[in-house]
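One structure is given here, and the rest of the page talks about it.
Just follow the structure's listing: the first ligand is 1, and inside any ligand the first atom is 1.
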Amino acid sequence: MAASSRISSPAWLLLAAHCALLLALAGAARGHSPSASAALSTAFYDESCPGAPVRRVIQDARISDPRIPASLIRLHFHDCFVNGCDGSLLLDDDLPAIQTEKHVPANNNSARGFPVVDGIKRALEEACPGIVSCADILALAAEISVELAGGPRWRVLLGRRDGTTTNVQSTNNLPSPFDSLLAKLQEKFGNVNMDNTDLVALQGKLHILNNSYALVQCQFTRHNCSAGQPQGALENLDQVTPTVFDNKYYGNLLHSQAQLPSDQVMLSDPTAPTTTAPVVHRFASNQKDFFTNFVASMIKMGNITPLKGWRDQKELPEGQ
Ligand code: HEM
Ligand SMILES: *[C@@H]1O[C@H](CO)[C@@H](O)[C@H](O)[C@H]1NC(C)=O
Ligand SMILES: *[C@@H]1O[C@H](CO)[C@@H](O)[C@H](O)[C@H]1NC(C)=O
């Protein structure tokens with residue numbers, strides 16, 4: 001059967017319009033070399049899908065939900081730290097083959113913005129059916145969100161292939177707000193080749209501006225809610241300049257005003273003075289330095305691929 005006849009049928013379009021379905025992923029990122037190590041490129045869709053309508057969908061969505069840019073940035077992070085940036089976070093349950101990553105503790109009732117991702121996918125399927133991968137949608141959405149929030153801009157590397165499996169065990173690599181030992185955070189970042197500077201720079205994302213907000217449930221904060229507050233009550237991640245993407249986050253750390261235990265540990269851990277603390281001081285005193293490093297770390301994060309020995313052994317034939 002010709003793939004094109006499937007793509008042009010309304011039923012296929014309907015299915016392709018969701019990143020949550022494995023079927024939708026099969027035709028994505030067409031033209032990508034089968035080699036998982038093929039280099040990404042900023043020009044990957046220049047011919048096949050120029051002027052992709054991603055920005056418009058995000059702009060529309062944030063009118064009614066100013067938290068959307070923050071939520072989309074976090075989805076890219078939670079995709080990349082688990083088995084590489086393969087879009088697998090978006091897959092829904094299709095048991096027994098696929099167990100969704102959306103319901104693991106780090107994501108359940110916490111990761112959000114999935115309908116907006118599907119809205120982007122739908123718009124892209126109308127513009128250029130079967131071309132743009134869902135993993136690339138997350139990378140593009142993260143950059144546009146940072147930009148809309150007044151943060152730095154960069155040219156997103158594209159050409160990721162969507163995964164066809166989830167990896168619920170590997171979600172253990174998602175950092176927890178209760179990781180109160182710096183070594184634990186460093187280990188999780190190190191597992192995906194991210195270093196101390198990446199750790200400090202990416203934590204600065206908590207400042208999302210222009211009437212956008214990054215929120216946290218009070219159960220994850222250092223004060224663990226106030227009396228009578230339900231565990232899921234939302235607070236600003238940034239208590240000082242909650243609507244601005246800036247370097248104040250690092251100043252807050254210096255004043256012991258970080259919301260999460262995992263934030264403050266970058267200064268308070270016994271090993272911090274020789275590892276993360278100097279970077280915190282640097283970024284606190286120089287916003288340009290922070291932005292430059294934030295971009296470099298976002299690009300590095302977007303390049304995370306499944307590393308050797310990372311997947312379940314049973315998924316890989318002997319010797320691979
Ligand atoms: C040490 C590593 C990290 C830890 C422990 C951590 C933890 C958290 C927690 C607990 C929340 C609040 C979730 C909720 O209340 O439901 C949150 C929100 C958020 N995180 Fe992280 N995070 C880390 C790194 C990152 C990185 C690397 C990024 C992106 C580059 C990121 C982006 C965000 C954003 C944008 C939000 C706000 C989301 C929203 O309002 O919907 N985080 N993070
Ligand atoms: C996810 O959250 C829902 C609603 O709070 C809860 O009913 C469900 O058990 C949770 N799922 C998992 C896998 O923990
Ligand atoms: C936060 O408080 C709740 C309710 O008092 C408690 O059940 C929970 O264990 C606390 N969380 C932490 C991390 O201490």
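The hydrophobic clustering, which links ILVMFWY residues whose side-chain heavy atoms are closer than 4.5 Å, places L91 and V168 apart.
Considering both main-chain and side-chain atoms, N109 never comes within under 3.5 Å of ligand 1 through any nitrogen or oxygen pair. At least one N or O atom of R67 sits closer than 3.5 Å to an N or O atom of ligand 1. Ligand 1 has an N or O atom lying under 3.5 Å from an N or O atom of S110, backbone or side chain. When only interatomic distances are considered, the shortest N/O to N/O separation between S176 and ligand 1 does not fall below 3.5 Å. Checked by distance only, ligand 1 and L215 come closer than 3.5 Å through their nitrogen or oxygen atoms. Of the polar atoms of N224, at least one N or O is found under 3.5 Å from an N or O of ligand 3, judged by distance alone.
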Using the salt bridge (Lys or Arg N to Asp or Glu O under 4.0 Å) rule, take D263 and R222 through it: C-alpha gap first, then chi angles, then the decisive distance, then the call.
CA-CA 10 Å; D263 291 325; R222 290 164 73 211; over 6 Å; no
Report the C-alpha separation of L174 and V82 in whole Å, then their side-chain angles, then the decisive distance to 0.1 Å, and conclude whether the side chain to side chain contact (heavy atoms under 4.5 Å, CB included) test is met.
CA-CA 7 Å; L174 289 170; V82 179; 3.7 Å; yes
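Listed by atom number, the atoms of ligand 1 under 4.0 Å from P177 heavy atoms are 5 (C), 10 (C). Within ligand 1, the atoms closer than 4.0 Å to a non-hydrogen atom of Q203 are 1 (C), 2 (C), 3 (C), 23 (C), 24 (C), numbered from 1 in the order shown. Below 4.0 Å from some heavy atom of Q231 lie the following atoms of ligand 3, by number and element: 2 (O), 3 (C), 4 (C).
In this structure, atom 9 (O) of ligand 2 has no protein heavy-atom contact shorter than 4.0 Å.
In this structure, the side chain of N286 engages the main chain of K288 through a donor-acceptor pair within 3.5 Å.
Nearest protein heavy-atom contact of atom 13 (C) of ligand 2 is H103 O, 3.3 Å. The shortest contact between atom 1 (C) of ligand 2 and any protein heavy atom is with N108 ND2, 1.5 Å. Among all non-hydrogen protein atoms, the one lying nearest atom 5 (O) of ligand 2 is N109 ND2, 3.1 Å.
Within the cation-pi definition used here (under 6.0 Å to the ring centroid, within 45° of the axis), K188 does not qualify as a partner of F81.
Which of S180, A70, C80 comes nearest to atom 38 (C) of ligand 1 through a heavy atom is settled by distance: it is A70.
Electrostatic pairing of E125 and K121 counts as a salt bridge here, judged by a charged N lying under 4.0 Å from a carboxylate O. With respect to R160 and D86, no salt bridge is recorded, no charged nitrogen being found less than 4.0 Å from a carboxylate O.
In this structure, a donor-acceptor pair under 3.5 Å is absent between the side chains of E235 and T221.
For the pairing with F283, the ring-ring contact (aromatic ring centres under 6.0 Å, His included) check across F294, Y249, F291, Y250 returns one residue only, Y250. A side chain to side chain contact (heavy atoms under 4.5 Å, CB included) with V156 is found for exactly one of L40, L140, I299, namely L140.
Only the side chain of M298 comes within 4.0 Å of ligand 1, judged by heavy-atom distances. Only the side chain of L260 comes within 4.0 Å of ligand 1, judged by heavy-atom distances. Proximity of L185 to ligand 1, defined as any heavy-atom pair under 4.0 Å, is confined to the side chain (atoms from C-beta onward). Contact annotation: for S262 versus ligand 1, heavy atoms closer than 4.0 Å belong to the side chain alone.
The 12-atom threshold is not exceeded at NE2 of H255, counting heavy atoms of other residues, nucleotides or ligands nearer than 6.0 Å. Shown here is Q231, whose CD atom has more than 12 heavy atoms of other residues, nucleotides or ligands within 6.0 Å.
For D179, the heavy-atom gap to ligand 1 stays at 4.0 angstrom or more.
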